[in-house]
Amino acid sequence: MGILNATPDSFSDGGRFLARDAALHHAEQMLAAGVDIVDIGGESTRPGAPPLALDEELERVIPLVDELRDAGVAISIDTYKPEVMAEALAHGADMINDIWGLRLPGAIDAVAHSTCGLCVMHMIGDPQTMQSDPAAAYDDVVADVARFLAERVAALEAAGVSRSRISVDPGFGFGKTVEQNYALLAHLPRTAPADLPVLAGMSRKSMLGAVTNKPAPERLAASVAAAVLAAERGAKIIRVHDVAETVDALKVWRATCAAS
Ligand code: 7PM
């Protein structure tokens, strides 16, 4: 899954992909590099970031859905707003990726009657408050995340959503300490119901900066390493900025799997 920022204030792309043409160019590069899913995000979820107005998010996201709908790639929408979900699905989006785990009022209703794929992510608090005291937020981070994700899956199934549509994500960097993020990576299979695909998103995140001592633009090698470690632990979808490099690394991992 390649990240397509339709936001002017993302911490690692610094607004370079604000312009629609630039976003489309970026999408084409990801397609050429072998991406399977393009994840379009209109709102930065940077800790402390102000929420984006609905109209503005729609204006950033929907034209990209229209442009990429027939490009031969699955389109995912990174949003927690039910109105954006509904509008993107009406325009042909294939998947909804919600950092709020479809917890906001109306979110489940917005997706229940479609056949789109879903990603349910774990997050404690909200993007403004989640890093306030992550160390104290869990008994056992792996068990707590697993319980949360199982509950969200149950809520979706109770609303009539088929399990076959759902993927789950421990939410790296969303209200976790560095140690907690690495515990989730180390024990990735235990964070999720065994039958559901796991999505892992660590690309350029601060858990990588914490051990390499490098800023976001210099976390490529660390991001690729994290992607391979997640794949090795069963992740089926890896959310990344650097598609070409990650695809190469995963080819090496897959060739090794095939030989073992
Ligand atoms: C600022 C801070 C900008 C954080 C962007 C981010 C995930 C996601 C994001 C993830 C799923 C980023 C995050 N992260 N969706 N959306 N899983 N499913 O670093 O880990 O890309 S936004």
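Both backbone and side-chain heavy atoms feed into the values below; hydrogens, waters and symmetry mates do not.
Side-chain contact check for D98 versus V120: every heavy-atom pair is 4.5 Å or farther apart. Annotation: side chain of L208 is in contact with side chain of S223 (closest heavy-atom distance under 4.5 Å). With a 4.5 Å cut-off on side-chain heavy atoms, Y182 and Q180 do not count as touching. The shortest side-chain heavy-atom distance between R165 and V111 falls under the 4.5 Å cut-off. Contact check for L102 versus M85: side-chain heavy atoms found under the 4.5 Å cut-off. Using a 4.5 Å cut-off on side-chain heavy atoms (C-beta onward), M95 and M1 make contact. Counting heavy atoms from C-beta outward, L4 and L68 have side chains that approach closer than 4.5 Å. A heavy-atom distance below 4.5 Å is found between the side chains of R103 and M123.
Here the straight-line distance linking atom CG of L220 with atom CD of E218 works out to 11.0 Å at 0.5 Å rounding. Summarising the geometry, atom CG belonging to N181 is positioned 9.0 Å from atom CE belonging to M202; distances are rounded to the nearest 0.5 Å. Distance check, rounded to the nearest 0.5 Å: NZ of K81 to CG of L54 gives 6.5 Å. Atom OG1 of T79 and atom CD of E87 lie 11.5 Å apart (nearest 0.5 Å). R147 contributes atom CZ, which lies 15.0 Å from atom CZ of R152 (distance to the nearest 0.5 angstrom). We find the CD1-OG distance between I96 and S76 to be 7.0 Å, quoted to the nearest 0.5 Å.
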Stepwise, does the side chain to side chain contact (heavy atoms under 4.5 Å, CB included) test hold for I108 with L156?
-> CA-CA 7 Å; I108 292 183; L156 285 165; 3.9 Å; yes
Run the side chain to side chain contact (heavy atoms under 4.5 Å, CB included) check on I75 and V38 step by step: do they pass?
-> CA-CA 5 Å; I75 298 175; V38 170; 5.5 Å; no
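Heavy atoms only, all atoms of each residue included: C119 and D169 are closest at SG-CB, 3.7 Å. Taking each heavy atom of D144 and A137 in turn, the nearest pair found is OD2-O, 4.5 Å. Nearest heavy-atom pair across P105 and P82 is O-CG, 3.3 Å. Across G42 and L52, no two heavy atoms sit closer than the pair O-CD2, 3.2 Å. Residues Y80 and P51 share a closest heavy-atom pair of OH-CB, 4.1 Å. The two residues L196 and I166 make their nearest non-hydrogen contact at CD2-O, 3.8 Å.
Cluster membership for V198 and L229, using ILVMFWY side-chain heavy atoms within less than 4.5 angstrom, is shared. Residues I37 and I62 do not share a hydrophobic cluster, clusters being chains of Ile/Leu/Val/Met/Phe/Trp/Tyr side chains in contact below 4.5 Å. Put simply, L188 and L184 are part of the same group of oily side chains (I, L, V, M, F, W, Y) that touch within less than 4.5 Å, one to the next. Note on I77: it clusters hydrophobically with V73, by side-chain heavy-atom contacts below 4.5 Å among ILVMFWY residues. In this structure, M30 is a member of the same hydrophobic cluster as V65, with clusters built from ILVMFWY side-chain heavy atoms closer than 4.5 Å.
Salt bridge present: R60 and E56 bring a charged side-chain N and a carboxylate O closer than 4.0 Å.
Between the side chain of K205 and the main chain of F172, a donor-acceptor pair closer than 3.5 Å is present. The main-chain N or O of K214 is found under 3.5 Å from a side-chain atom of R219 such that the two form a donor-acceptor pair. Between the side chain of S203 and the backbone N or O of H241, at least one donor-acceptor pair lies under 3.5 Å. Listed for the K176 side chain is a donor-acceptor partner under 3.5 Å among the backbone atoms of P170.
Using a 30° and 60° split on the angle between ring planes, H122 and F148 fall in the perpendicular class, above 60°.
Sorted by first and then second residue, the salt bridge (charged side-chain N to carboxylate O under 4.0 Å, His left out) pairs with a member in residues 229-244 read D39-R239, D78-R239, R204-D242; sequence neighbours excluded.
Counting non-hydrogen atoms of neighbouring residues, nucleotides and ligands closer than 6.0 angstrom, the CG atom of D195 exceeds 12 such neighbours.
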